[in-house]
Amino acid sequence: MKPSLPKGTRDFTPAQMRKRNYLFDTIREVFTRYGYQPIETPALESLSTLTGKYGEEGDKLLFKVLNNGDFLGGADEQALAARDSAKLASSIAKRGLRYDLTVPFARFVVMNQQDLNFPFKRYQIQPVWRADRPQKGRYQEFYQCDVDVVGSDSLMYEAELASIYDEVFAKLGLKVRILLNNRKILAGMAEVAGIADRFMDMTIAIDKLDKVGMDGVKKELAERGVPEDGINRIETLLANQSLEAWKGELAGSETGLKGIAELETVFGYLAQNEPANEVVFDPTLARGLSYYTGCIFEVRALGAQMGSIGGGGRYDDLTGIFGLANVSGVGVSFGAERIYDVMEELELFPASLSQDLALLFVAFDEETHRYAFRCLAQARAAGITADLYPEPAKLKKQMKYANDRRVPYVVLIGSEEMANGLLTLKNMESGEQGRHTLEEIIEKLH
RNA sequence: GUGGUUGUAGCUCAGUUGGUUAGAGCGCAAGAUUGUGGAUCUUGAGGUCGCGGGUUCAAGACCCGUCUUCCACCCCA
């Protein structure tokens, strides 16, 4: 049996896990300090919870879990006979793996509403699964780090979430650009261009502006059946960068003006502090997830070829579908794998993460090995990450192990050391060594 | 989901128009050095050539299928 992993999944080595944990710890610390509380939800959700929430494309990317037992017993005979996989699925799979953390969170809020205080602020760091074709920075199993607040429509939260993005990436030393837009501005754009009925086509097309250029956008709009008048109007609209200019352009659209006003409020809050990264209005930012209704966010890493490393937005009625109406929510997500890949590429992980052990004990024979075991316990009790080579093997072997583990200090214990209590401490980088008591060594390593 | 691409030792990769026993570097193990890792030298171990079929006297190489990798779409973190 040859071992292998399913497509788009990975193992993580200790060296990788130290970096991943550093990432998660940094993110979690900021989330916590902003008053968000942790929750978790199951990897498995009822398929009925997940389907229809991510658009047609999203449904195709849902992992479905085959029912247990005689799953064919309850299969839809017609769909089976017709080889209609899409139709058959619902009769043989009642559960699926979560596709993101936002929809399960909405379910969580509805089911636990009596226990929650609103506005309810939660964070959630868990893997999600998508049956996508893998590419660089695109996996079938990956972690998202979500922060959301439900039960308030205050635009303060949009500003707060932008600040969280800013602070986390500043702490990680990763330079980013944080993009903001508002679905209402996009709606106003379609309205003013006279193509309100082609809203989706328009957003999908203009979202690609930075990738394919204006000519590419115009081409796609035309292919999607947007009339020429509308295309030209879109082109002149997109020539505007500032919110002020857009206010004039969208004067004819009540919705559009509302979107502008919302963004102005958000930027008004943000201006109270000084972000470390750029936070800018980008009218071409669209984002696919169909449930967003207000402000939308996206984060791009500077100096690396990678898609977005985070995104989110305001959803006015996500819980409505689960039976709780009029609860507004807003949240953003950090794409842990992509942030990891970018940081690895730009070599932004602290060098200190490459070592774990601070001290290794090395003994020469059975007697000193037992003595070293006692010293080891004392060092550990004093809070030092220490280990003892499991047997009094040849020094060369033990030293090589210390070297390979990148241990900065080794304590050598032979009969002489044991007799007078003066242990040999060796600095593995400089090669220097001297005699010290265990207490001195513990003191030194603190 | 569509089109393309990749797979040979633990890792990175050679391998000629199909032709003897599939190689290198790094890594690993042992020794040179019996109380000292990194450098050097010596020796050694390690391969179902992704997997399954097919063509051929003969396949790592050619054909088909399949899995995987990466890329462009689609979409997205």
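Note that these values count all heavy atoms, side chains included, but never hydrogens, waters or copies made by symmetry. Every chain is numbered from 1, with letters handed out A, B, ... down the list of sequences.
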For [X], which contact category applies under a 4.0 Å heavy-atom criterion: base, sugar-phosphate, or nothing?
{"X": "A:G312", "value": "nothing"}
{"X": "A:S333", "value": "nothing"}
{"X": "A:G310", "value": "sugar-phosphate"}
{"X": "A:Q144", "value": "sugar-phosphate"}
{"X": "A:G55", "value": "nothing"}

Considering only heavy atoms and no angle criterion, is a donor-acceptor pair shorter than 3.5 Å present between the side chain of A:R133 and the base of B:C75?
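Looking at the base of B:C75, it does not pair with any donor or acceptor on the side chain of A:R133 (distance under 3.5 Å).
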
How many Å lie between [atom1] on [X] and [atom2] on [N], as a whole number?
{"X": "A:M306", "N": "B:C75", "atom1": "CE", "atom2": "C1'", "answer": "16 Å"}
{"X": "A:Q124", "N": "B:A77", "atom1": "CD", "atom2": "C1'", "answer": "15 Å"}
{"X": "A:E56", "N": "B:C76", "atom1": "CD", "atom2": "P", "answer": "13 Å"}
{"X": "A:D148", "N": "B:A77", "atom1": "CG", "atom2": "P", "answer": "13 Å"}
{"X": "A:D132", "N": "B:A72", "atom1": "CG", "atom2": "P", "answer": "13 Å"}
{"X": "A:I27", "N": "B:A77", "atom1": "CD1", "atom2": "P", "answer": "15 Å"}
{"X": "A:K136", "N": "B:C73", "atom1": "NZ", "atom2": "C1'", "answer": "19 Å"}
{"X": "A:Y54", "N": "B:C74", "atom1": "OH", "atom2": "C1'", "answer": "19 Å"}

Nearest-Å distance once atom [atom1] is located in both [N] and [M]:
{"N": "B:A39", "M": "B:U8", "atom1": "C1'", "answer": "32 Å"}
{"N": "B:G18", "M": "B:C63", "atom1": "P", "answer": "11 Å"}
{"N": "B:U55", "M": "B:G10", "atom1": "P", "answer": "32 Å"}
{"N": "B:U5", "M": "B:A72", "atom1": "C1'", "answer": "11 Å"}
{"N": "B:C41", "M": "B:G47", "atom1": "C1'", "answer": "27 Å"}
{"N": "B:G7", "M": "B:C49", "atom1": "P", "answer": "15 Å"}
{"N": "B:G4", "M": "B:C28", "atom1": "C1'", "answer": "38 Å"}
{"N": "B:U6", "M": "B:C13", "atom1": "C1'", "answer": "14 Å"}

Going by atom types only, do [X] and [Y] share a side-chain donor-acceptor pair under 3.5 Å?
{"X": "A:Q124", "Y": "A:T41", "value": "yes"}
{"X": "A:E417", "Y": "A:T424", "value": "yes"}
{"X": "A:D316", "Y": "A:T293", "value": "yes"}
{"X": "A:D166", "Y": "A:S163", "value": "no"}

Test of ring centre spacing under 6.0 Å for A:F24 and A:Y143:
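Close enough - the centres of the two rings lie under 6.0 Å apart.
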
Looking at [X] and [Y], would you say the former's side chain and the latter's main chain have a donor-acceptor pair under 3.5 Å?
{"X": "A:R338", "Y": "A:I309", "answer": "no"}
{"X": "A:N181", "Y": "A:L285", "answer": "yes"}
{"X": "A:Y165", "Y": "A:G311", "answer": "yes"}
{"X": "A:E141", "Y": "A:R10", "answer": "no"}

Should A:E56 and A:K60 count as an ion pair when the cut-off is N to O under 4.0 Å?
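Result for this pair is no, no salt bridge flagged.
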
Let me have a per-nucleotide readout for nucleotides 34-42 of chain B, 5' to 3', with B, S or -, counting only protein heavy atoms under 4.0 Å.
-BBBB----

Give a yes or no on this: more than 12 heavy atoms of other residues, nucleotides or ligands lie within 6.0 Å of atom CZ of A:R435.
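More than 12 within 6.0 Å, yes.
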
Base-pairing string, 5' to 3', of RNA chain B - Watson-Crick or wobble, under 3.5 Å, | interstrand
((((..(..((((.....[...)))).(((((.......))))).....(((((..]....))))))..))))....

If you compare every side-chain N and O of A:K394 against the phosphate oxygens of B:G31 (OP1, OP2), does one of them come in below 4.0 Å?
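Yes, because at least one side-chain N or O of A:K394 sits under 4.0 Å from OP1 or OP2 of B:G31.
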
Under-4.0 Å side-chain N/O to phosphate OP1/OP2 contact, A:K208 with B:C73
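Negative; the distance criterion is not met.
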
Residue mapping more 5' on RNA chain B - nearest nucleotide basis, A:E298 or A:K7
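Upstream on the strand: A:K7.
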
